[in-house]
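First up is the structure itself, then whatever we jot down about it.
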Amino acid sequence: MNIVVCLKQVPGTTEVKIDPQTNTLIREGILNILNPFDAYALEEGVRLKERCGGRVTAISMGPPQAEEMLREAISLGADEAVLLSDKAFAGADTLATSYTLARAIEKLGQTDLIICGRQTFDGDTGQVGPELAEMLGLPFVAYVSKIEDINKGMHLQRMVEEGHEIIELPLPAVITVVKEINVPRLPSLRGLAKAKSAPIPVWTAEELAIDMDKVGLKGSATRVVKVFSPQRVNRGEILQGEPEEQVKNLISKLGDAGIV
Amino acid sequence: MGILIDLDKCNGCGNCIEVCPFGLLELVDDKVQVKEGCNFCRACQEACTYDAILIEAAVEEVEVSDLHRGVWVFAEQRNGKIKGVAYELLSKGRELADTLNAELSAVCFGHNVAEASELTGYGADKVYLVDAPIIKGFEEDLYTAKFVELICQYRPEIVLAGATPMGRSFMPRVAARLRTGLTADCTGLEIDLGRRLLLQTRPTFGGNIMATIICSSKRPQMATVRPRVFKKNTPDKERKGQVIKLDFERGGITSKIKLLDFIEDLTERVKLEDTDIIVSGGRGLGKAENFHLLEELANVMGAALGSSRPPVDEGWIPYSHQVGQTGKTVCPKLYIACGISGAVQHLAGMQTSEIIIAINDDPNAPIFEVATYGIVGDLFKVVPMLIARLKGR
Amino acid sequence: MEYFLTEEQKTVRDLARKIAEERILPLRAELDEREEFPWDIIRQLASSDLFRIFIPEEYEGLGGGCLELCLAVEELSRACSGVAITYAASALGALSILEYGTEEQKRRRLPDIASGKSLAAFALTEATAGSDAGAIKTTATEKEGGYVLNGTKQFITNGGEAEIYTVIALTDKERGARGASAFLVEKDTPGFSFGEKEKKMGIRASSTRELIFRNCFILKENLLGKEGMGFIIALRVLDRSRPGVAAQAVGIAQGALEAATDYARQRIQFEHPIISIQAVQHMLADMAIEVEAARALVYSVARTIDSGAKSITEEAAMAKVFASDVAMRVTTNAVQVFGGAGYIRDYPIEKMMRDAKITQIYEGTNQVLRNVIASELRKRRSRQE
């Protein structure tokens with residue numbers, strides 16, 4: 001089974017703030033990490049490989065420093081990794097990103113399953129998985145919480161609001177996984193040794209023979225026009241006094257509001 | 001597309017460095033350099049008084065024309081019942097359509113959806129009802145194909161859908177097939193009438209940053225919106241609209257995935273979205289057993305039990321109770337936060353509640369910033385007193 | 001302190017630390033409270049290749065030595081020495097096969113121990129034979145191409161959880177200690193069963209049980225080394241594994257020192273953090289000195305073993321005695337720094353004190369090991385005369 005796992009390098013914390021003086025993102029001291037949601041995708045890919053044989057290829061679109069994250073993916077069980085990096089890819093929205101990933105996956109050759117995390121930690125859109133499926137013309141299932149059986153197709157559990165659906169999915173296909181699916185392992189010594197020396201090819205737009213109008217900002221349908229800190233106005237009142245008094249006061253206020 | 005610094009003109013004043021929202025500019029040898037990741041937002045160009053920043057403009061092939069008119073809301077249903085988010089989106093969609101002086105339509109897929117005619121009461125001028133037994137459940141491949149077909153046929157300029165598991169799964173496929181933009185999880189929608197643009201505002205970085213996004217060159221402009229973000233209007237029973245029944249002809253469309261079974265999760269019965277009062281607990285509870293205290297309070301008040309993320313991560317309470325960025329968005333009349341510090345991710349899911357009560361022993365906890373009434377104190381003292389007094393009434 | 005570790009050794013240490021912090025720390029209180037065997041953690045150690053580091057490459061290991069093992073044990077022990085000893089006991093079991101097994105025995109067992117699929121264990125102690133190991137009563141009687149084992153082993157770490165046991169039994173009762181032999185016994189062998197899990201003071205995540213042999217027949221090929229070599233094997237193997245116990249002690253002490261320092265920095269009395277009180281400062285300083293000295297000795301002994309030195313009885317005993325005495329003192333004083341809070345099970349420090357105690361007792365009590373060291377001293381002086 002040839003498995004491709006799509007990964008993204010993200011800031012290690014979402015606790016970013018906008019400097020009120022300069023109106024810019026404060027990025028100091030923030031380390032980049034493997035998108036936590038993608039760790040479940042990688043782990044599931046490695047587990048499937050251990051179950052059915054095959055190879056796991058990790059791919060990521062990002063700046064050159066994302067190579068470090070791909071090495072981590074190898075230490076966690078990926079057999080190989082490819083970085084898609086080019087100035088032309090900058091500013092991509094989910095449409096342009098999924099297009100670029102799709103071209104790279106086609107270049108990789110025969111692929112049976114593509115696994116993505118449910119969403120990224122920074123952008124939070126969860127759109128690249130389904131858009132990628134569409135770009136590749138493959139069937140797609142989101143929010144997979146369990147892979148039950150693999151024969152010709154796969155039997156999966158999909159998390160929906162009211163419970164779980166059992167779905168049969170023919171391969172090749174694209175899935176996104178939720179954190180309930182597994183507990184990602186930590187690296188292995190052999191993996192770390194392999195990661196240190198593994199070649200990580202960098203594919204540029206030229207190598208992908210890609211339509212330049214469809215990548216990066218140029219290929220993006222959406223554009224960010226403004227970023228700002230969420231406004232929060234303190235409308236509240238802190239109730240004073242001993243607990244007994246606070247509670248009494250609170251209940252009378254709720255009574256006034258017609259709630260109790 | 002690209003950004004270039006004209007080194008002859010740049011004098012290293014650093015004005016642009018301060019305004020870059022992504023912190024991507026730096027001074028190297030008294031000249032500005034651009035790091036990877038530029039979004040070409042032009043903030044630096046505006047700040048530069050020496051015209052030293054050149055941004056090669058993207059050719060904006062505007063495929064926008066008068067042919068695209070109208071606002072659409074995808075009205076999601078399950079088991080014949082239309083989800084609340086559809087009504088919320090119609091209420092908001094009405095506002096947008098009025099601004100644009102355009103029609104508002106609801107699109108509903110299913111079989112024997114009795115409530116479909118009620119959609120007009122919430123503002124829809126037209127209801128496109130695709131009624132067929134084979135799309136009774138969520139047949140994602142069929143939904144995608146049919147929805148794309150309808151969009152191509154009727155050419156709406158705006159398409160809105162709930163950011164539910166269904167919407168988040170199939171809307172991106174529709175957008176990708178149409179090669180148009182889609183903005184996920186919007187919390188604000190406005191119209192720029194001059195350009196007939198939908199200004200889509202959404203939280204990013206776990207709610208720490210808000211971003212406003214446009215889709216200027218493609219149509220339709222598509223967005224998903226989380227349930228309970230917009231208020232649902234009171235339906236106007238008198239309001240008339242047109243229900244247009246459409247057939248679902250399978251034609252060449254096949255569903256590659258097969259739904260074999262559905263297992264209802266009993267803990268998912270907690271309908272946090274539909275309740276008036278929520279009693280919610282956080283890390284301050286300390287351990288799983290202490291949720292019993294909140295359960296008692298919830299029982300006395302006829303409330304549902306919620307949670308912030310830490311108790312769920314610790315396994316004290318199932319995920320279905322989680323309120324916040326990665327859980328549910330709620331908007332009850334009363335939200336009681338006990339031992340919840342109020343991380344932005346949690347606030348993102350509950351701050352539109354009508355009345356918020358915060359009980360926490362840390363006076364600096366951010367939850368007090370959104371609380372209508374705050375009690376700084378030990379929840380293990382305050383909550384039992386509250387229970388006792390409420391019982392006594 | 002600079003210990004001149006190689007890149008590979010640093011990788012082992014860092015990975016063991018990562019596992020300890022991410023997977024062991026969140027669970028240690030629960031594992032201790034419930035006396036629960038940490039299978040999930042053991043599987044993580046296995047998938048991270050940590051069971052490979054003490055096994056040569058030809059048996060699917062990574063070919064590390066005593067120092068690598070010590071680094072891993074120390075880091076695991078810093079979080080929970082109940083987990084660390086489970087891991088180290090498998091190394092002890094493997095060591096006997098590694099040192100005395102035939103090629104066939106090594107090929108058959110070591111790869112599974114290296115992958116972590118099987119845990120190993122080592123069984124010498126009996127009810128009547130603690131420090132007086134020569135008093136064992138378990139017998140192995142030769143019969144039709146094999147041996148029949150009878151008797152009961154006591155306090156066996158990994159008992160009931162391990163797949164492969166190295167068991168010392170008498171093949172010739174008349175010859176006493178010289179009549180003992182070592183055998184490999186698999187878990188599911190008929191006639192081999194386990195006693196109840198012991199309720200221990202510390203290292204409660206680990207499993208300690210009796211091994212009960214009732215007419216347990218094993219094939220001749222399960223004899224390790226030659227008949228009569230049982231005690232030699234036991235003594236040699238324990239010599240080589242003692243630095244592991246010492247590393248366990250260093251890890252406990254390090255964990256206690258860190259916890260005590262953190263506590264002293266945040267605990268306010270008389271309007272100041274107690275770390276500003278000189279009495280507390282001196283306690284912490286003494287603890288730090290002792291921990292570092294113990295570590296230096298342990299690493300040196302481990303390196304001596306890895307250099308191929310033949311006679312290491314004395315050095316290994318010194319490392320074990322010194323480090324375990326340090327662990328006991330440091331954890332006791334750490335509880336003292338914590339004051340009343342240190343006596344409460346909500347804090348991890350009293351567990352460390354309970355865990356430390358066993359390092360002075362098992363794999364040779366510190367009293368017996370002092371005898372060993374003294375007798376070596378005496379022998380050496382007399383040789384020099």
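- For Ile167(A), the parts lying near chain B are the backbone and the side chain together; criterion is any non-hydrogen pair under 4.5 Å.
- A salt bridge links Arg158(A) with Glu140(B): the distance from a Lys NZ or Arg NE/NH1/NH2 to an Asp or Glu carboxylate oxygen falls below 4.0 Å.
- Crowding of Glu190(B) atom CD: a count of heavy atoms from other residues, nucleotides or ligands under 6.0 Å not exceeding 12.
- Summarising the local packing, CD of Glu106(A) is surrounded by more than 12 heavy atoms from other residues, nucleotides or ligands at distances under 6.0 Å.
- Contact of the Val382(B) side chain with the Val247(A) side chain is registered, since non-hydrogen atoms from C-beta on lie closer than 4.5 Å.
- Among the candidates Gly181(B), Gly374(B), Ala184(B), Pro203(B), the residue making the largest number of heavy-atom pairs closer than 4.5 Å to chain A is Gly374(B).
- Under 4.0 Å is where a charged nitrogen must lie from a carboxylate oxygen, and between Arg389(B) and Glu244(A) at least one such pair does.
- There is no contact between Met166(B) and chain A, counting heavy-atom distances below 4.5 Å.
- At a 4.5 Å heavy-atom cutoff, the contact between Leu138(A) and chain B is made by backbone atoms alone.
- Within the model, atoms CE of Met135(A) and CZ of Arg177(B) stand 11.5 Å from one another, a figure rounded to the nearest 0.5 Å.
- In terms of heavy-atom pairs under 4.5 Å with chain B, the best-connected choice from Ala142(A), Ala173(A), Gly219(A), Gly123(A) is Gly123(A).
- Proximity to chain B involves both the backbone and the side chain of Lys248(A), based on heavy atoms less than 4.5 angstrom apart.
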Taking it one step at a time, do Phe140(A) and Ile257(B) satisfy side-chain contact (heavy atoms from CB on, under 4.5 Å)?
CA-CA 8 Å; Phe140(A) 169 74; Ile257(B) 68 171; over 6 Å; no

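- When the side chain to side chain contact (heavy atoms under 4.5 Å, CB included) test is applied to Leu260(B), the partners found at least two apart in sequence or on another chain are His155(A), Ile166(A), Glu168(A), Lys258(B).
- Heavy atoms closer than 4.5 Å to chain B are found in both the backbone and the side chain of Thr125(A).
- Rounding to the nearest 0.5 Å places CG of Leu239(A) at 9.5 Å from CD1 of Ile359(B).
- Counting heavy atoms from C-beta on, the side chains of Met159(A) and Tyr319(B) come closer than 4.5 Å.
- Looking at Arg179(B), both its backbone and its side chain come within 4.5 Å of chain A, counting heavy atoms on both sides.
- Put simply, the side chain of Ser169(B) never gets that close to the backbone of Val141(A): no donor and acceptor are under 3.5 Å apart.
- Using a 4.5 Å cut-off between heavy atoms, Tyr99(A) makes no contact with chain B at all.
- Contact of Asn79(B) with chain A is not made at all, since no heavy-atom distance falls under 4.5 Å.
- Annotation: side chain of Glu134(A) is not in contact with side chain of Pro172(B) (no heavy-atom distance under 4.5 Å).
- Counting heavy-atom pairs under 4.5 Å between each of Met212(A), Gln240(A), Glu131(A), Gln157(A) and chain B puts Glu131(A) at the top.
- Considering every non-hydrogen atom in both Pro170(A) and Lys256(B), the closest pair reads CD-O, 3.0 Å.
- With values rounded to the nearest 0.5 angstrom, Thr212(B) atom OG1 is found 4.5 Å from Phe228(A) atom CZ.
- Using a 4.5 Å cut-off between heavy atoms, Ile277(B) touches chain A through its side chain atoms alone.
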Could you walk me through whether Lys179(A) and Asp313(B) pass the side-chain contact (heavy atoms from CB on, under 4.5 Å) check?
CA-CA 11 Å; Lys179(A) 68 172 183 183; Asp313(B) 284 349; 3.1 Å; yes

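- Proximity to chain A is limited to the side chain of Ile357(B), based on heavy atoms less than 4.5 angstrom apart.
- Rounding to the nearest 0.5 Å gives a distance of 9.0 Å between CD1 of Ile213(B) and CG of Asp93(A).
- The nearest pair of heavy atoms linking Ala211(B) to Val227(A) is CB-CG1, 4.1 Å.
- Distance check, rounded to the nearest 0.5 Å: NZ of Lys253(A) to OH of Tyr373(B) gives 5.0 Å.
- Note that the CD1 atom of Ile375(B) and the CD atom of Gln246(A) stand 5.0 Å from one another [nearest 0.5 Å].
- The minimum heavy-atom distance linking Asp185(B) with Asp124(A) is given by the pair OD2-O, 3.9 Å.
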What's the verdict on side-chain contact (heavy atoms from CB on, under 4.5 Å) for Gln127(A) and Leu182(B), showing C-alpha distance, side-chain angles and the deciding distance?
CA-CA 8 Å; Gln127(A) 291 180 177; Leu182(B) 172 65; 3.1 Å; yes

Any chance you could lay out the side-chain contact (heavy atoms from CB on, under 4.5 Å) test for Thr201(B) and Lys226(A), step after step, and finish with the verdict?
CA-CA 9 Å; Thr201(B) 298; Lys226(A) 194 175 142 197; over 6 Å; no

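- Residue Thr187(B): no heavy atom, backbone or side chain, is found under 4.5 Å from chain A.
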